[in-house]
Peer 1: 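This structure is in C-alpha cells; I'll ask about it shortly.
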There are 2 protein chains.
Amino acid sequence: MSDQDETAAGTDRTDTESPRCYCPLGGVMDLLSRKYAMQLVCVVGALGPVRYGEVADAFGDVSSSTLSTRLDELVAAGYLSREQYAEIPPRVEYELTDDGRELCERLEPLLEWAERRDQLP
Amino acid sequence: MSDQDETAAGTDRTDTESPRCYCPLGGVMDLLSRKYAMQLVCVVGALGPVRYGEVADAFGDVSSSTLSTRLDELVAAGYLSREQYAEIPPRVEYELTDDGRELCERLEPLLEWAERRDQLP
DNA sequence: CAGAATCCATTCGGATACTG
DNA sequence: CAGTATCCGAATGGATTCTG
C-alpha cells in the first residue's frame, strides 16, 4: 500500500522504495519530540555518569515525574543506562550508552546553537 | 518559564555562573519539539522552494491542519519564508531562511541517523 | 536520595468541512 | 491549490503525595 510511483521514470530504483526521505516519522524522533528529551540526552552526555539529583538540578523547576518518565523512556529505548547501587542513601547513576553517545553527538550542535539563539534579544 | 533575572543586583558574578548549560528549555527547542517540526525543516531544506502540496505529499497522511499550523509556526519563528504568488491556481512556496538553513544543517545529521536507525529491525 | 503513583488541566494533533 | 475553522479525543506534562 501507499506505493507512490516516482515522477522520474528513469531514476534507478533499488529493490525497495523510500530512496531517501528526510522525514522519519516514528521511532526515535517521536521520543525526541517529548519535552526535555533532547536536552536530557545532552545533559547526561555532558555530566558523565550522573545522579538523578544532578540532572534535576540542571533542569531547575521541572517536575520529578516528568523527568523520571523521560529518563525511563530513554533507558527503555537504549540511549541511557541506569546503574543502581544498593547503598544508603540510595544512589543511581545514569550514563549514555553507545547508542546514546551517537545520538548525543548529533544533538549537541543543535542544542548549542539553540542556546546561543535563545539568549539573543 | 525561563525567567533569568540574574546579575541584576547583588549577585556575585565572580565564578558561580555555570559556563555552559546544555539544556535550553524554551524558544527554539519548544518549537522543534512539536510534531513533524524538525522533519519539516529538513524536508523544505531538501526540496528547495517547495509548494504546500509537495510537503503534504512528503509527509503522507498528516492532516492539513497540523501541517499548516507547523508551517505557520516555523514561518513566524523566522525559519521558513512563505512566498505567495497571485496566480490561478494559487501557488505558495516555502523556503528556508538563512536562520532556517543554519537550523537545517544541525538537524540533518540527526534525522539521517534517526532514519537509518528506524529502518533497522 | 530517587523515584512511583495519582490526579488533573492543558495542550496537541487529527478528522472533517468549508473558502478564496 | 492552499489553506482556515471548528470540534473533539488522546496524550502530555505538572503538582502533589508517598515510599524503600
Side-chain angles (χ1 to χ4, degrees), chain A residues 2 7 23-41 43-44 47-77 80-95, chain B residues 1-3 23-41 43-44 47 49-77 80-95:
Chain A
S2 78
T7 51
C23 42
L25 291 184
V28 198
M29 294 313 295
D30 261 22
L31 178 54
L32 292 180
S33 292
R34 311 243 169 298
K35 221 169 189 180
Y36 314 131
M38 300 191 254
Q39 292 93 327
L40 199 42
V41 171
V43 162
V44 175
L47 300 182
V50 62
R51 306 174 62 170
Y52 178 86
E54 303 180 78
V55 174
D57 283 352
F59 278 94
D61 57 344
V62 171
S63 72
S64 67
S65 59
T66 303
L67 209 52
S68 192
T69 304
R70 212 59 67 228
L71 281 166
D72 278 355
E73 290 168 355
L74 288 170
V75 168
L80 294 185
S81 67
R82 180 182 186 276
E83 214 79 18
Q84 179 162 9
Y85 301 92
E87 305 176 353
I88 290 183
R91 188 172 102 239
V92 176
E93 288 187 345
Y94 293 92
E95 195 173 1
Chain B
M1 61 175 91
S2 75
D3 42 320
C23 42
L25 290 185
V28 198
M29 295 311 295
D30 261 22
L31 179 54
L32 292 181
S33 292
R34 312 241 168 299
K35 220 169 189 180
Y36 313 131
M38 300 192 254
Q39 293 93 326
L40 199 41
V41 170
V43 162
V44 174
L47 299 181
V50 63
R51 307 174 62 169
Y52 177 86
E54 302 180 79
V55 174
D57 283 351
F59 278 94
D61 57 344
V62 171
S63 72
S64 66
S65 59
T66 303
L67 208 53
S68 192
T69 304
R70 210 60 65 233
L71 282 166
D72 278 355
E73 291 168 356
L74 287 171
V75 168
L80 295 184
S81 66
R82 180 181 185 276
E83 214 79 19
Q84 178 163 9
Y85 301 92
E87 306 175 352
I88 292 184
R91 188 172 102 239
V92 176
E93 286 189 346
Y94 293 93
E95 194 172 2

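In what follows, every chain begins at residue 1, and chains take the letters A, B, ... in the order their sequences are listed.
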Peer 1: Measure from CD on A:Glu93 to P on C:dG3 and round the result to the nearest Å.
Peer 2: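 Going from A:Glu93 (CD) to C:dG3 (P), I get 11 Å.
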Peer 1: Please report, rounded to the nearest Å, how far the P atom of D:dG13 is from the NZ atom of B:Lys35.
Peer 2: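 About 12 Å, once rounded to whole Å.
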Peer 1: Measure from the side-chain N and O atoms of A:Tyr94 to the backbone N and O of A:Val75, and report whether any donor-acceptor pair falls under 3.5 Å.
Peer 2: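 Side chain of A:Tyr94 to backbone of A:Val75: no pair is present.
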Peer 1: Show the distances under 3.5 angstrom between N or O atoms of the protein and N or O atoms of nucleotides 15-20 of chain C.
Peer 2:
unit_1, atom_1, unit_2, atom_2, d
C:dA15, N6, B:Ser65, OG, 3.3

Peer 1: What nucleotide, of D:dC1, D:dG14, C:dC12, holds the atom closest to the side chain of B:Arg51?
Peer 2: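 Nucleotide nearest to B:Arg51's side chain: D:dC1.
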Peer 1: Please tell me which of the listed nucleotides, D:dG13, C:dC12, C:dA4, lies nearest to the side chain of A:Arg82?
Peer 2: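 The answer is C:dA4, which lies nearest to the side chain.
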Peer 1: Just how far, in rounded Å, is P of D:dG3 from CZ of B:Phe59?
Peer 2: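 After rounding, the gap between these two atoms is 14 Å.
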Peer 1: Separation of B:Arg70 atom CZ from C:dC12 atom P, in whole Å?
Peer 2: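 Whole-Å distance recorded here is 8 Å.
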Peer 1: Any idea which of D:dT4, C:dG3, D:dG14 is nearest the B:Asp72 side chain?
Peer 2: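 Taking heavy atoms from C-beta onward, the closest nucleotide is D:dT4.
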Peer 1: Separation of A:Arg91 atom CZ from C:dG3 atom C1', in whole Å?
Peer 2: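 After rounding, the reported distance stands at 16 Å.
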Peer 1: Do the non-hydrogen side-chain atoms of B:Val43 and B:Tyr36 ever get within less than 4.5 Å of each other?
Peer 2: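 Sidechains of B:Tyr36 and B:Val43: no contact.
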Peer 1: Let me know the distance between CG of A:Leu67 and P of C:dA4, rounded to the nearest Å.
Peer 2: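 To the nearest whole Å, that distance equals 11 Å.
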Peer 1: Just so I know, are the side chains of A:Glu95 and A:Glu83 near enough to count as touching, which here means a heavy-atom distance under 4.5 Å?
Peer 2: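 No, their side chains stay 4.5 Å or more apart.
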Peer 1: What pair of heavy atoms forms the shortest contact from B:Arg70 to B:Lys35, and how long is it?
Peer 2: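 That closest heavy-atom pairing would be NE-O, 2.8 Å.
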Peer 1: How would you label the contact of A:Asp30 with the nucleic acid (heavy atoms, under 4.0 Å): base, sugar-phosphate, or nothing?
Peer 2: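 No contact at all - A:Asp30 keeps every heavy atom at 4.0 Å or more from the nucleic acid.
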Peer 1: Atom CG in A:Leu80, atom CG in A:Asp72: separation rounded to 0.5 Å?
Peer 2: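 That separation rounds to 10.0 Å.
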Peer 1: Using a heavy-atom cut-off of under 4.0 Å over every strand shown, decide if B:Tyr85 touches base, sugar-phosphate, or nothing.
Peer 2: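 Nothing, no heavy atom under 4.0 Å.
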Peer 1: Is there a side-chain contact between B:Gln84 and B:Arg82 (heavy atoms, below 4.5 Å)?
Peer 2: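 Yes, side chains in contact.
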Peer 1: Nearest-Å distance, OH (B:Tyr36) to P (C:dG13)?
Peer 2: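 In whole Å, C:dG13 P and B:Tyr36 OH are 8 Å from each other.
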Peer 1: How many whole angstroms separate atom CD of A:Gln84 from atom C1' of D:dT19?
Peer 2: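 Taking atom C1' of D:dT19 as the reference, CD of A:Gln84 is at 13 Å.
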Peer 1: Please confirm whether the shortest side-chain N or O distance from B:Arg34 to OP1 or OP2 of C:dG13 is below 4.0 Å.
Peer 2: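 The answer is no; no side-chain N or O of B:Arg34 sits under 4.0 Å from OP1 or OP2.
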Peer 1: Would you say the side chain of A:Leu74 lies within less than 4.5 Å of the side chain of A:Val41, judging by non-hydrogen atoms?
Peer 2: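 Sidechains of A:Leu74 and A:Val41: in contact.
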Peer 1: Of A:Tyr52 and B:Thr69, whose nearest nucleotide on DNA chain C comes first from the 5' end?
Peer 2: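 Counting from the 5' end, the first nearest nucleotide belongs to A:Tyr52.
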